[in-house]
Amino acid sequence: MSKPSIPQGTRDFSPAEVRKRQYIFNTLQAIFEQYGFQPLETPAMENLTTLIGKYGEEGDRLIFKILNNGLHEKKDADKEKLNEEWATMLSKPYNTPKVTERALRYDLTIPFARYVVMHQHELAFPFRRYQMQPVWRADRPQKGRYREFWQCDADVVGSTSLINEAELLCIYRRAFHDLNLPQVVVKINSRKLLAGLAEVCNASEQMMDITIALDKLDKIGWDGVTGELKQRGINDTGIAKIAEIINVTGTNEEKLSALEQIMSTSAVALEGIKELRDTLAYHDTLKDGNWSSELMVDISLARGLNYYTGVIVEVVCNAVKMGSIGGGGRYDDLTGLFGLKNMSGVGVSFGIDRIYDVIEELNLFPEEVASGKQTLILNFGGEDERYALNILQQLRNAGVSAEIYPDSVKFDKQMKYANKRNVTYVIIVGEEERKANKLSLKNFVTGEQELLSIEEAINIIQG
RNA sequence: GAGGCUAUAGCUCAGUUGGUUAGAGCGUCGGUUUGUGGUUCCGAAGGUCGUGGGUUCGAGACCCAUUAGCCUCCCCA
């Protein structure tokens with residue numbers, strides 16, 4: 001018999017872990033609701049054609065495909081055909097409906113776009129939705145990277161106002177403030193600035209090449225980026241221009257002014273700069289001065305997903321070595337992929353598994369989150385058990401989370417169970433308590449114990 | 001897709017240049033204690049050393065293959 005295991009890159013969540021995860025979910029949900037977003041859920045699987053081609057070549061490779069199970073090829077010719085399809089399937093990341101026509105969801109944005117198109121006539125636009133569900137990627141797992149992980153997304157579709165961008169920035173900053181995450185930087189940039197950058201380098205066609213190289217600035221440094229740019233065929237004047245641009249420093253407004261000068265010949269760059277200015281101005285009005293995170297214009301921020309067209313954002317926590325914990329941006333024509341034109345959207349995503357890892361690593365989960373507040377009634381059997389059950393029922397009616405040890409086993413064993421369960425209170429009701437119509441309430445944290453009436457005990461537990 | 005590391009008890013790991021019966025800590029169970037846990041003390045159970053082959057008088061250790069996990073690059077949350 002082989003030892004049981006779970007698929008690579010997936011995890012079980014213990015009771016304490018689930019509580020801690022729920023703490024994050026609940027924090028985010030409260031904020032989404034407060035900002036007027038509505039909940040949405042979509043299926044774990046989508047038609048493969050919905051997903052293919054939306055995440056770039058690399059993304060297509062990482063989609064988990066679901067094998068068709070109703071294969072009843074009876075004729076030899078059909079079996080032959082299936083074999084051919086298999087060969088294609090294994091060599092290319094393309095759809096071969098005979099073998100697979102469904103796939104696990106890769107992110108929450110594309111399914112959302114699909115939903116909006118399908119339900120366009122019932123929705124009130126601008127439509128604001130949040131969604132918290134698992135997604136799957138056939139990636140190679142490593143630190144902070146899983147094959148099954150959860151995303152929490154908030155998107156607004158059907159409005160081009162930059163108020164939306166500003167609100168989403170506020171949601172980010174509010175969330176990381178509420179979660180007490182230190183050293184959070186929300187980086188903001190615009191695809192239009194990147195397009196402008198390519199334009200002033202006389203390499204408009206190579207915007208992706210430039211941004212991909214530039215995105216690695218943090219990791220490989222300027223020398224590395226120069227190498228990449230040369231390799232991708234950017235000439236020296238272009239590289240000099242890029243050097244000039246990434247050397248821009250100062251406050252956000254100082255950066256934007258400098259970029260305005262450098263890229264003054266590019267209409268699209270100027271448009272991007274204006275959008276960033278307006279977004280920042282809206283954000284300034286909406287923000288809360290207590291938020292500790294930093295909002296930083298970063299021209300080197302690229303982001304891979306190729307459907308972004310306007311403002312893009314990414315969140316990192318500099319207190320730990322970890323990839324980004326959130327990202328998002330404006331996509332002008334996401335629903336156009338499914339036939340609905342002129343429907344601009346903008347959204348952000350929280351990578352809650354990474355956020356969990358960061359909070360855990362920094363030991364920032366509030367203490368009471370992991371255990372919950374629970375009361376255990378010990379069981380002495382017979383008359384005492386009947387009396388105990390009666391108390392249990394009264395506790396629950398009063399809204400107290402309580403359980404009784406179901407078996408009348410040795411006192412010591414029940415106490416050890418209580419300890420392992422990390423309960424906050426233990427209630428002891430033996431002959432003595434029963435005859436006095438009282439109970440002994442033991443605070444399991446302090447070890448203090450007193451003889452009380454049921455009402456008194458409830459008051460203390462709820463206090 | 002490229003590269004590196006690891007695999008020994010339920011968990012975390014020791015195990016010397018290859019040499020008798022493979023160890024520790026934690027955990028589990030039992031006792032100390034059948035109305036007081038988390039602390040002490042005593043005891044017990046638990047391993048064909050990932051799998052297959054090879055070298056050797058002899059392999060947990062060395063070699064080859066294989067599988068799984070972890071990590072880095074790529075890319076991403």
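Sequence lines set the chain letters: A, B, ... in the order given, protein chains first and strands last, and positions in each chain run from 1. In this text the structure is predicted, and so the values were computed from the model without any measurement.
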Touch class at under 4.0 angstrom, heavy-atom based, for V429(A) against every strand present: nothing
Q449(A) (side chain) and U36(B) (base): donor-acceptor pair under 3.5 Å: yes
Minimum-distance nucleotide to D139(A) side chain [options: U36(B), G1(B), C75(B)]: C75(B)
Pair Q394(A)-N390(A), side-chain hydrogen bond (donor to acceptor under 3.5 Å, both in side chains): steps then yes or no: CA-CA 6 Å; Q394(A) 290 185 58; N390(A) 196 277; 2.8 Å; yes
N-O pairing of R330(A) and E275(A) below 4.0 Å: no
Side chain of Q8(A) - closest among C70(B), U36(B), C71(B): C70(B)
Polar side chain donor-acceptor pair, E33(A) to Y130(A), under 3.5 angstrom: yes
N/O (side chain, K410(A)) to phosphate O (OP1/OP2, G31(B)) under 4.0 Å: yes
Separation of atom CG in N379(A) from atom C1' in G35(B), rounded to whole Å: 13 Å
Among U36(B), U28(B), G3(B), the nucleotide that comes nearest once only the side chain of K420(A) is considered: U28(B)
Proximal nucleotide (of G35(B), G1(B), C75(B)) relative to the R61(A) side chain: G1(B)
Selection from U33(B), C71(B), G35(B) that lies nearest to any side-chain heavy atom of R140(A): C71(B)
Near-parallel close stack of F149(A) and A77(B) base (under 5.5 Å, under 30°): yes
Side-chain-base donor-acceptor pair under 3.5 Å for R354(A) and C76(B): yes
Side chains of S159(A) and N164(A), donor plus acceptor under 3.5 Å: yes
Out of G37(B), C74(B), G35(B), whichever nucleotide has its closest atom nearest the side chain of Q142(A): C74(B)
Sugar-phosphate only, base, or nothing, as touched by F444(A) at under 4.0 Å among non-hydrogen atoms: base
Atom CD of E403(A) with >12 non-hydrogen neighbours under 6.0 angstrom: yes
Sugar-phosphate only, base, or nothing, as touched by E448(A) at under 4.0 Å among non-hydrogen atoms: nothing
Candidate nucleotides G35(B), G37(B), C75(B), ranked by approach to the side chain of S440(A) - the nearest: G35(B)
Sugar-phosphate, base or nothing in reach of I325(A), heavy atoms under 4.0 Å: sugar-phosphate
Polar side chain donor-acceptor pair, D155(A) to Y331(A), under 3.5 angstrom: yes
Under the 3.5 Å Watson-Crick or G-U criterion, the dot-bracket string of RNA chain B, with | for inter-strand pairs: (((((((..((((.....[...)))).((((.........)))).....(((((..]....))))))))))))....
Near-ring test F350(A)/Y172(A), centroid separation under 6.0 angstrom: yes
Modelled atom types, side-chain donor and acceptor of N379(A) and E385(A), under 3.5 Å: yes
From G35(B), U33(B), G69(B), nucleotide with atom closest to F411(A) side chain: G35(B)
Touch class at under 4.0 angstrom, heavy-atom based, for Y417(A) against every strand present: nothing
Any N/O donor-acceptor pair, R421(A) side-chain to G38(B) base, under 3.5 Å: no
Touch class at under 4.0 angstrom, heavy-atom based, for G326(A) against every strand present: sugar-phosphate
Touch class at under 4.0 angstrom, heavy-atom based, for S324(A) against every strand present: sugar-phosphate
Nucleotide nearest F380(A) when distance is taken to its side chain, options G35(B), G69(B), C75(B): G35(B)
Touch class at under 4.0 angstrom, heavy-atom based, for E314(A) against every strand present: nothing
Out of A2(B), A77(B), C75(B), whichever nucleotide has its closest atom nearest the side chain of R137(A): A77(B)
